[in-house]
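Down below is the structure, laid out as structure tokens.
Naming: A, B, ... by sequence-line order, numbering from 1 per chain.
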Amino acid sequence: MTRPVRVRFAPSPTGGLHIGGVRTALFNYLYAKKLGGKFILRIEDTDQTRFVKGAEEYIIETLKWCGIEPDEGVGYGGEFGPYRQSERKPMYRQYAEQLVEAGYAYYAFDTPEEIEAMRERLKAGGNPAPQYNWAVREYMKNSLTLPADEVKARLAAGEPHVVRIKMPRKDEVKFHDLIRGWVSFQTAQVDDKVLLKADGMPTYHLAVVVDDYLMEITHAFRGEEWLPSAPVHILLYKYLGWEEKMPEFAHLPLILKPDGNGKLSKRDGDRLGFPVFSLDWHTADGTLQTGFRERGFLPQALINFLVLLGWNPGVAHEIFSLDEMIQLFDIARVHQAGAKFDFEKCKWFNHQYVQMQSAAALADATEPVLASKGVKVERAYLEHICSLVKERCTFMSDVWDNAFFFFEAPKDYDFDAVRPKWNDAKKSFFTQFLERAKTLSTWDNTSIEACFKGLAEELSIKVGEVQMPMRIMLCGGKFGPPVFEIASTIGQKESIERIEKANSLF
RNA sequence: GCCGCGUUGGUCAAUCGGCUAAGACGCCUCCCUUUCACGGAGGAAUGACGGGUUCGACUCCCGUACGUGGUACCA
């Protein structure tokens, strides 16, 4: 019996969503769409101390911007709600108690101070990372060591307590990961994780299992950082009697820093000069963390870059539409090793996608820039310019830098590019060219070029010798589309004015 | 420290025992363009190391090294 595919993206609303999260969402989305299943957004806000206002909206906006919207979940509704774990709080306790009754979990009354003391003691004894585990629980304050009536009394008195899973002392948990194959753990290595916190909220471990079960999740794809706690989840399914409904697991490789070591973190962006967040995010202390969107990335480009970070369809090309990704996606072809983030390649993808944009789209993106500069031009003129400079644009916002001279006369000239070879003959060439230009009846590419080259020939000057000065006169530097293209675009009058002015300056 | 997971050019990666080891980004050279970019043609650059298994290992097994993750009443 195969159940309908249901996958979920379950982030914690603790800040901006960085690209690792976006990729996790993307893989979930692709898998769901490929199999005709549902993609669900669940918000894991069980840690009230880390909750950040606005983070949830940010996550939803990110998914929307990326074009990978949930079918169900926070902000989308559905029959398995609520989809925010904080709103599901009353549902978890019964399962924790069920586990205690069955002997798979226990109440623990140790105060944070007592646990800290235990750790200090063990550390002093040479244990670098003490755990609350099978060896330690025997002398701590819990329902395993305390008399039954005392436990009952403490509970009745409302004493703060947590519920911990009782990890078997000697057992092996083995499970199949869709990406890594068979993975096994010795239970003695895993500590007695807290399942239900003193405030009545479940920890991640209890919450994922309960919610995935209740929401009928069939596949759980998450970051590799969860692999070590997978045995806890597997055991929970078993102890709760839900083994039949346990989802298939896949632990995704991490996205690593481009330099040095470690996984990509929120701070790497500032440090290395590239975004790590999907959208702009303002932290509590007022600092801005730049988003890919605001930096000028097209969502399709980001998605395309991310999907290839850890996954490869094995086909020759690298540019995929979302539909094509869905068609080709295969979770088994996801890599096992972490991948370093490569901003250069990310930009290359964006350049590719910018090339697919229409002049109108580029013009739309450029209009606000012009407005901020106080420049007013005809829409048709703008679009023509956009098509002229498009191939030079990596970002939609690059038009201005590549085309400013179409909107205003150059203020500075790259004199060094002209003067070393500048002489009276050239100056005279331009003087004469001006005279002819003024009388030209048609002002387009070919007529300007014919006029220019004809004169050069008459004066026995190599066209190349005067073409560069012409360019500098029109746009100020060694850049831009073909010169005659520029001249015809800015018009006869403007061209003549610019040449006149510059010729007197050189 | 312990446990898990990894390891093909600088980076992303193909390969599923036959390799003279794809492709892409980046880099370099040349062509196009007497600008820049695009485009085109080339180039440098790779199986961590050591043992097995096999007629044959990048591919399978073991060990070492290295990387990475976990080791919270955070997710």
Side-chain angles (χ1 to χ4, degrees), chain A residues 10-14 44-47 49-50 85 108 110-112 115-116 119 123 126-133 160-164 177 179-181 183-186 188-191 193-205 207-208 222-231 251 253-254 256-263 305 308-319 333 335-349 351 355 389-394 402 414 417 462-468 470-472 475 477-483 486:
Chain A
S12 302
T14 55
E44 311 223 326
D45 56 349
T46 54
D47 186 353
T49 64
R50 293 215 308 160
Q85 289 182 330
D110 317 277
T111 64
I115 291 177
E116 185 51 30
R119 292 215 166 94
K123 269 187 197 165
N127 182 342
Q131 295 183 317
Y132 197 120
N133 61 11
H161 63 277
V162 301
V163 174
R164 284 178 184 274
D177 183 288
I179 294 173
R180 292 151 211 283
V183 180
S184 68
F185 292 86
Q186 292 301 321
Q189 296 294 333
V190 186
D191 63 337
K193 292 271 181 241
V194 168
L195 263 20
L196 199 70
K197 302 188 252 188
D199 66 2
M201 277 287 194
T203 57
Y204 172 83
H205 305 103
V208 248
R222 68 227 302 196
E224 192 187 345
E225 68 269 26
W226 292 110
L227 197 48
S229 51
H251 291 88
L254 268 9
L256 276 14
K257 298 178 199 295
D259 64 341
N261 315 315
K263 65 173 175 177
F305 168 69
L308 258 13
L309 221 47
W311 170 73
N312 186 294
V315 299
H317 61 295
E318 292 193 299
I319 303 290
R333 280 191 74 100
H335 257 240
Q336 304 175 45
K340 285 187 179 171
F341 176 81
D342 181 357
F343 191 53
E344 287 308 315
K345 183 128 191 192
C346 189
K347 284 197 291 191
W348 177 80
F349 273 105
H351 182 263
Q355 301 320 302
V389 302
K390 184 166 86 175
E391 65 199 26
R392 274 151 252 261
C393 296
T394 294
N402 286 301
D414 185 354
K462 279 194 222 150
V463 178
E465 296 280 299
V466 280
Q467 203 155 318
M468 180 55 81
M470 170 87 154
R471 167 178 299 285
I472 309 286
C475 50
K478 290 159 60 170
F479 42 71
V483 245
I486 298 171

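- Separation of the C1' atoms belonging to A21(B) and C58(B) is 8 Å when rounded to the nearest angstrom.
- Residue Q131(A) places none of its side-chain N or O atoms closer than 4.0 Å to OP1 or OP2 of U71(B).
- In this model, the phosphate group of A75(B) is approached by a side-chain N or O of T46(A) to a distance below 4.0 Å at OP1 or OP2.
- For A198(A), counting side-chain heavy atoms from C-beta on, the closest listed nucleotide (A75(B), C73(B), U71(B)) is C73(B).
- In this structure, R164(A) reaches the C73(B) phosphate: one of its side-chain N or O atoms is under 4.0 Å from OP1 or OP2.
- Taking the side chain of K263(A) as heavy atoms from C-beta on, and the options G69(B), A75(B), A13(B), the nearest nucleotide is G69(B).
- Closest approach to the E344(A) side chain among C12(B), G26(B), C38(B) is made by G26(B) (side chain taken as heavy atoms from C-beta onward).
- Checking side-chain atoms of N133(A) against main-chain N and O of V190(A) turns up no donor-acceptor pair under 3.5 Å.
- To the nearest angstrom, P of U7(B) lies 11 Å from CD of E224(A).
- Looking at the side chain of K345(A), the nearest of the listed nucleotides C12(B), C74(B), G1(B) is C12(B).
- Taking every side-chain heavy atom of S12(A) into account, A75(B) is the closest of A37(B), A75(B), C73(B).
- Residue H205(A) contributes atom NE2, which lies 12 Å from atom P of G70(B) at whole-angstrom precision.
- Pairing of G70(B), defined by two Watson-Crick or G-U wobble distances under 3.5 Å, is identified with C2(B).
- Pair assignment for A13(B) gives none, since no Watson-Crick or G-U wobble pairing has each distance under 3.5 Å.
- Protein atom NZ of K340(A) is 11 Å distant from nucleotide atom P of G67(B), rounded to whole Å.
- Closest contact between the side chain of E225(A) and the listed nucleotides G69(B), G10(B), G23(B) involves G69(B).
- Of the candidate nucleotides C73(B), G69(B), U35(B), G69(B) has the atom lying nearest to any side-chain atom of P228(A).
- Here C5(B) is the nucleotide among C5(B), U34(B), A75(B) with the atom lying nearest to any side-chain atom of L227(A).
- U20(B) is unpaired under the criterion used here, namely a Watson-Crick or G-U wobble arrangement in which both key atom distances are under 3.5 Å.
- The side chain of R333(A) lies closest to U15(B), out of A72(B), U15(B), G4(B).
- Rounded to whole Å, atom P of C25(B) lies 16 Å from atom CG of L309(A).
- Heavy atoms only, all atoms of each residue included: Q85(A) and A207(A) are closest at NE2-CB, 3.3 Å.
- At least one side-chain nitrogen or oxygen of K197(A) sits closer than 4.0 Å to the OP1 or OP2 atom of C74(B).
- The aromatic rings of Y204(A) and W226(A) lie parallel to each other, with less than 30° between the two planes, well short of the 60° mark.
- You'll find that the side chain of R180(A) is closest to C5(B), out of C5(B), A24(B), G69(B).
- Taking atom CG of residue D191(A) and atom C1' of nucleotide C74(B), one finds them 14 Å apart after rounding to whole Å.
- F341(A) and P258(A) get closest at one heavy-atom pair: O-CB, 3.1 Å.
- One finds no side-chain N or O of Q189(A) lying less than 4.0 angstrom from the OP1 or OP2 phosphate oxygen of C2(B).
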